Amino acid sequence: MFLTQTLPPTRFDLHFSVFGIPVRVHPLFWLIALLLGSSSDLLFIPIWIFVVFISILVHELGHALAFRRYGVDSHIVLHMMGGLTIPEAAPWGTGFASVSPGPKQNIVISLAGPFTGFFFAALVIAAVVVSGGAVQTTWLFGFIPLPLSPILPFGGRILGIFIATLLWVNVFWGLINLLPVYPMDGGQVARNVLIQYDPFDGVRKSIWLSVITGAILALVGFFIFRSTYMAILFGLLAFQSYQSLQGRY
Ligand SMILES: [Zn+2]
């Protein structure tokens with residue numbers, strides 16, 4: 001929720017609505033989806049773009065429906081950094097949540113994104129199982145279930161790659177998103193949890209948590225997962241949090 005200034009409309013914007021929630025797709029969204037999916041297997045690229053589109057849309061719809069539950073209309077923008085659900089007229093600020101109704105509702109709204117993704121993944125797994133297939137699962141760090149390639153009695157290779165990618169994005173990205181790093185949903189949850197215990201200093205503590213968690217993840221990404229991408233991403237997020245701490249206090 002950090003990119004709150006809406007991007008100016010372009011001629012190439014795609015507009016539609018789901019469950020009465022307006023959705024706008026900025027043309028650069030497709031470019032980023034393409035770059036993230038660069039692969040030697042050409043067949044994989046269109047599948048990947050479609051999976052990223054569906055998954056981010058499902059995630060944002062979770063936020064939008066949670067907003068609606070609290071009587072707040074919102075719209076969704078898919079842009080070059082991912083997705084964003086923007087409340088039409090936020091009855092409470094998104095920054096320093098002023099005490100009234102805020103924190104608990106904000107926690108539900110933030111969690112609704114990743115958990116809608118988990119629910120979506122569960123539906124896909126259920127559909128595979130009901131139709132006579134199976135989904136292999138691996139355990140990340142020994143306790144986090146991560147669905148892998150499905151075994152399908154039908155459909156062949158393309159459907160197999162599609163389902164495997166869909167499950168991976170919805171579960172793995174959902175879990176990453178829950179980590180207490182700004183501007184991810186976990187960072188918003190951490191802030192709203194901490195300000196309930198410490199209304200005066202909770203925000204600052206949540207930013208420090210973001211700096212430390214981001215830095216640890218950058219190191220873990222570099223040395224354990226050997227992922228330069230993960231190291232750069234979390235390094236930047238940690239640095240961004242650190243800067244907002246400097247500017248603020
Ligand atoms: Zn989200």
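Everything quoted here is computed from the prediction, not taken from an experiment. The basis for the numbers below is simple: all heavy atoms, side chains too, and nothing from hydrogens, waters or symmetry mates. One-based numbering, in listed order, for ligands and for the atoms of each.
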query = Do any of the N, O or S atoms of E60 sit under 2.8 Å from the Zn ion (ligand 1)?
reply = no
remark   = Which of R69, R68, H63 passes side chain to side chain contact (heavy atoms under 4.5 Å, CB included) with L65? Answer is R68
ask   = Which of these, S210, S206, S241, sits in a side chain to side chain donor-acceptor pair (under 3.5 Å) with Y182?
value = S206
query = Which N/O/S atom belongs to D185 and is the closest one to the Zn ion (ligand 1)?
reply = OD2
message = Among the N/O/S atoms of H59, which is closest to the Zn ion (ligand 1)? Give the atom name.
response = NE2
remark   = Which of I109, I107, V108 passes side chain to side chain contact (heavy atoms under 4.5 Å, CB included) with L111? Answer is I107
ask   = Where the side chain of D13 meets the backbone of T10, is there a donor-acceptor pair that is under 3.5 Å apart?
value = yes
